[in-house]
Amino acid sequence: MPELPEVETSKRGIYPYCLNQKIKTIEVRNSRLRWPVNEDISEKMSGQTIIEIVRRGKYLLLITESNSLMIHLGMSGSLRICEATRPVEKHDHVDIELQNGKIIRYNDPRRFGCVMLNPDKLNHKLLIKLGVEPLESEFSAEYLYKACKSSNQPIKSLIMNSQIVVGVGNIYAQESLFRSKIKPTRKANGLSRKMVADLVNSIKQILSQAIEAGGSSLKDFTSAEGKPGYFQQTLDVYGRSGQPCKQCGKELKKIIIAQRATVFCSSCQK
DNA sequence: ATTGGAACCTGGTGGC
DNA sequence: TGCCACCAGGTTCCAA
């Protein structure tokens, strides 16, 4: 369940192995991802050096002199660094082989992610309309308050809208609303400045903590498991429907907002 | 224009 | 044990 922290952790995990490395070749075993992997991806990227690695929202860009590889982990994707001799496992769809003998291996059971050739770098169609980064200073109380004022949507839908702010998925939307004591169904335009400010702080806090937790598991990034461990962090509401609220003990409720399960405390969250 | 829902896909779980 | 329905998750796109 990759949210922004897992993508950031993946970036940090592969960074030391592929910065300034030349791409030898790209092997595509299954090109049928969210968008088909470009047929000429290996041809276009072979021999190019990765000069920069950028995360934008949940997209990861391996930037070379003339192109970039745009990777999204979707809902079940993961990256790992491994040796060329490592046996291929189920759902290992793409290998980016580097000159130093390492492989960046993309695995994605549900194939909702993508590996795309992108000649536009940050100007790609899918990136251009993304909202602000939640951990940057542009994501401020004023910014979100302004967005809220013009929206009649439930606040949960608004913070999950990537055109407003990127990287807040279903888990952290629920957690940040709990932490800032806001009911997920509240209309965005009905929130006070104070509530919005609290929400912004909660989102920043929770994402930073999750990245930290993921970072602490980075030593395992190349291990057999290959998965960042951010999800081990304790969650207050996500997936805890029917269990007692950690604040007040009342039973947590589950509702559906925009087809997404949403757990909250009807007593703590107003 | 804004919002709601469908679609993509697989693995895991719970019910019978 | 098998089979089936259902759910989870992120994002785009099409339809009210």
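Chain letters run A, B, ... following the sequence lines, proteins first, then strands; residues in each count from 1.
- Each of A:His91 and A:Arg34 was assigned the nucleotide of DNA chain B with the nearest heavy atom; the assignment lying further toward the 5' end belongs to A:Arg34.
- Boundaries of the chain A contact region on DNA chain B are B:dT3 to B:dG11, first to last in 5' to 3' order (nucleotide atom under 4.0 Å from a heavy atom).
- Considering only side-chain atoms of A:Arg260, the nucleotide from C:dG10, C:dA8, C:dT12 that sits closest is C:dG10.
- In this structure, A:Glu97 has no salt bridge (charged side-chain N to carboxylate O under 4.0 Å, His left out) partners at least two apart in sequence or on a different chain.
- Listed by residue number, A:Lys125, A:Leu126 are the residues of residues 120-135 of chain A with a heavy-atom contact under 4.0 Å to DNA chain C.
- Here A:Arg111 lies in heavy-atom contact (under 4.0 Å) with sugar-phosphate atoms only.
- A 4.5 Å side-chain heavy-atom check between A:Val196 and A:Arg193 finds every atom pair outside the cut-off.
- Legend: residues meeting salt bridge (charged side-chain N to carboxylate O under 4.0 Å, His left out) with A:Asp198, ordered by chain and number and at least two apart, are A:Lys194.
- The stretch residues 32-85 of chain A participates, sequence neighbours left out, in these ring-ring contact (aromatic ring centres under 6.0 Å, His included) pairs: A:Tyr59-A:His72.
- One atom, CD of A:Gln259, and another, P of C:dC13, lie 17 Å apart when rounded to the nearest Å.
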Could you give me the CA-CA distance, side-chain angles and deciding distance for A:Ser78 and A:Asn107, then say whether side-chain hydrogen bond (donor to acceptor under 3.5 Å, both in side chains) is met?
-> CA-CA 5 Å; A:Ser78 64; A:Asn107 178 290; 4.5 Å; no
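- Listed by chain and number, the hydrophobic cluster partners of A:Leu252 are A:Phe178, A:Val237, A:Val263, where partners are ILVMFWY side chains within reach of under 4.5 Å, directly or through others.
- Not one side-chain nitrogen or oxygen of A:His72 sits closer than 4.0 Å to the OP1 or OP2 atom of C:dG10.
- Residue A:Asp108 is classed as having no contact, given no heavy-atom separation below 4.0 Å to the nucleic acid.
- Looking at A:Asn30, its side chain never comes within 3.5 Å of a backbone N or O of A:His93 through a donor-acceptor pair.
- Computed from C1' positions of five pairs at each end, the angle between the two local axes of the helix from B:dT2-C:dA16 to B:dC16-C:dG2 equals 60°, rounded to 10 degrees.
- Heavy-atom nearest nucleotides on DNA chain B were determined for A:Ala258 and for A:Ser150, and the one closer to the 5' end corresponds to A:Ser150.
- For residues 113-127 of chain A, every residue pair satisfying the side-chain hydrogen bond (donor to acceptor under 3.5 Å, both in side chains) rule, not counting sequence neighbours, is listed here: A:Ser68-A:Asn118.
- For the side chain to side chain contact (heavy atoms under 4.5 Å, CB included) with A:Met45, the qualifying choice from A:Asp40, A:Asn67, A:Asn38 is A:Asn67, the only one to do so.
- Contact annotation: the side chain of A:Val94 never approaches that of A:Asp108 to less than 4.5 Å [non-hydrogen atoms, C-beta and beyond].
- Residues passing the salt bridge (charged side-chain N to carboxylate O under 4.0 Å, His left out) test with A:Glu175, sequence neighbours excluded: none.
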Enumerate all atom pairs, one protein N or O and one N or O from nucleotides 14-16 of chain C, separated by less than 3.5 Å.
none

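- Contacts of A:Arg55 classified as salt bridge (charged side-chain N to carboxylate O under 4.0 Å, His left out), with partners at least two apart in sequence or in another chain: A:Glu8, A:Glu133.
- Other members of the hydrophobic cluster containing A:Ile255, listed by chain and number, are A:Ile257, A:Phe264; membership follows side-chain contacts under 4.5 Å among ILVMFWY residues, whether direct or relayed.
- Among the protein residues, A:Lys254 comes within range of the sugar-phosphate backbone only, with heavy atoms under 4.0 Å from sugar or phosphate atoms but none that close to a base.
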